[in-house]
Amino acid sequence: MAKAPVLTPQAEDFPRWYQDLLNKAELAENGPVRGTMVIRPYAYAIWERMVSEVDARIKATGAENAYFPLFIPESYLHREAEHVEGFSPELAVVTHAGGKELEEPAVVRPTSETVIGEYMAKWIQSYRDLPLLLNQWSNVVRWELRPRVFLRTSEFLWQEGHTAHATEAEASEYARRILEDVYEDFMVNVLAIPVFTGVKTAAERFAGADDTLACEAMMRDGKALQMGTSHSLGQNFSRVFDISYSDPEGAQQLCWTTSWGVSTRMMGGLIMGHGDDLGLRLPPKVAEVQAVVTVVRDSDGSVTDAARRLEQELCDAGVRARLDDRVDTPFGRRATDWELKGVPVRLELGPRDLEEGQVTVARRDLALDSDGSRNPASKAALPLDGAARAVPGLLEEIQATMLEAATAARDAATVDVDGVAEALEATRSGFARIPWKRLGTEGERELAESAVTVRCLQAEGGGLPASIDDEGVVALVARSY
RNA sequence: CGGGACGUGGCGCAGCCUGGUAGCGCACCUGCUUUGGGAGCAGGGGGUCGCGAGUUCAAAUCUCGCCGUCCCGACCA
């Protein structure tokens, strides 16, 4: 003991802790071009789990996957005034290709409203073609001034949904459904990260949208991270791309469109939302390895045999299990590594356990006490016989406990305030809630001078407000990533 | 793009002030001994000191420029 900590403690330097963790847990690193990132296998496996969970929920709303090109004619971007204005500072533009200058530069997609709009216009003729519900999984490029692995990179992976509807009500209902039934549900129930849902103010709205809905999560340093957004685009894109249909009366009508996305930024949210001084903490549902069976030591092969049987029993019980039988590496080292990587459950089996007919089970979520010291209660002995069958239940419990803990921490760091000064004070360590009527755009600007922004506007009791002009609408303000 | 800190084997650092042929810890390889919370000993491999100019007999060290990283702002999923 009393070794130097593996990671810079969060309280000492949170950004450094994040960097340390990315490296030591073999998650990701910077790419050779500024702002790009390399996602290593352990992190990519987590991303793939996120993708499959989100994808299933998207499909449940009726949307279908498709794929549109990486390159977009520059002229497309220019059709929607606010859209270009918002994106032009961060566009990567291909001017030369095949050894020649291109007649029309091709923009590397920063998002695909424009190309998809062009094709929607082609595919939609009648009200019978509506709604058109599309989604694509892709990479996008937004040249960033201040990149940070996972949180803000010049190229990132995401999902972007694009839909067209006959009526405004249907479009906004769909945008809301994506935010709540897909994003919020996924974040809360899979990532175990509680989110505040709300509407963006005009200042924070997506370029070209009438309305932007968002999920905001709190990181362990009290800063906010926007984890997902869903936009009502009104008829802004329909108008310029001529996305229209004939209604049942034969009259030509413009569609109402939406777009919505979540990205690899969620990886950053997962890391900073749950990670502690020992490393990553993965909710079982996204953990690639849910349980690792560690052979503490072994002289005659009997412990390894038993461990292998245990691993098989875990797999049979539906647990994503792995065997760690590297007995030539010191046990403590391996234990630390699995903690760093956030594996939810460790089953440690040594000669002593075997003799007693038991296995030592350690849960990662409770490894540290609230005061930051090791929590002995995170480890317990279980009878070896039947231990595997207890793990699925334990994983569920861990999933639930992590959500409860994250929710409690967030709520404890969220305070109701009445004025700008109080809000600034509160947002040094968390979120502040202030009546929107009291804050207003004036107050919003004032907060912005201190790098505090309105993350979203919420209904009085939380969640999406019917209208931001409603009495009782609350502004959730924070420092943010 | 403004303000600050920093670039030396994979990672973390010392050396720089007072120029003189590059060092430590961890990691890696080999062997032996170990093993219930980051193992020990012995041996070994790996670096044009971010890049480019300049000063000098001689530059990691001094000067100038550039690039990159991290932090704090303006922008953002």
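Below, chain A is the first sequence line, B the second, and so on; all start at residue 1. For clarity, every value in this text was computed on a predicted model and none was experimentally measured.
Rounded to whole Å, atom P of B/C11 lies 16 Å from atom CG of A/Leu7. Between the CZ atom of A/Arg352 and the C1' atom of B/G37 there is a distance of 12 Å, rounded to whole Å. Atom P of nucleotide B/U33 and atom CG of A/Asp328 are separated by 14 Å, given to the nearest angstrom. In this structure, the CG atom of A/Asn375 is 17 Å from the P atom of B/G37, given to the nearest Å. We find that CD of A/Glu449 is positioned 10 Å from P of B/A74, with the value rounded to whole Å. Counting to the nearest Å, the P atom of B/G37 and the CZ atom of A/Arg333 are 15 Å from each other.
With A/Phe206 as the aromatic partner, A/Lys200 does not meet the cation-pi criteria of under 6.0 angstrom to the ring centre and within 45 degrees of the ring axis.
Not a single donor-acceptor pair, N or O on each side, falls under 3.5 Å between the base of B/G36 and the side chain of A/Arg334. Side-chain to base pairing of A/Glu348 with B/G36: no donor and acceptor N or O lie closer than 3.5 Å to each other. No donor-acceptor contact under 3.5 Å links the side chain of A/Lys24 to the base of B/G12. Side chain A/Asp353 to base B/G36: a donor-acceptor pair is found below 3.5 Å. Between the side chain of A/Arg152 and the base of B/C76, at least one donor-acceptor pair of N or O atoms lies under 3.5 Å.
Within 6.0 Å of the CZ atom in A/Arg322, the count of heavy atoms belonging to other residues, nucleotides or ligands does not exceed 12.
Here the side chain of A/Arg265 is nearest to one of B/C76, B/G12, B/G36, namely B/C76. The side chain of A/Arg16 approaches B/C13 more closely than any other nucleotide in the set B/A77, B/C13, B/C70. Set against B/G36, B/G12, B/A39, the side chain of A/Pro330 has B/A39 as its closest nucleotide.
Proximity of the aromatic rings of A/Phe237 and A/His162 is defined here by a centroid distance below 6.0 angstrom, and this criterion is not met.
RNA chain B is contacted by both A/Gly350 and A/Asp13; A/Gly350 maps to the nucleotide lying nearer its 5′ end (nearest heavy atom per residue). Residue whose closest nucleotide on RNA chain B sits further toward the 5' end, between A/Arg148 and A/Val296: A/Val296.
Using a 4.0 Å cut-off between charged nitrogen and carboxylate oxygen, A/Arg346 and A/Glu339 count as a salt-bridge pair.
For the pair A/Pro383/A/Gln358, no side-chain contact is recorded, criterion being any heavy-atom separation below 4.5 Å from C-beta on.
Nucleic acid contact for A/Thr153: base, since at least one base atom lies under 4.0 Å from a heavy atom of the residue.
B/A77 has no stacking from A/Trp158 on its base ring, since the centres under 5.5 angstrom apart and planes within 30 degrees of parallel are not both found.
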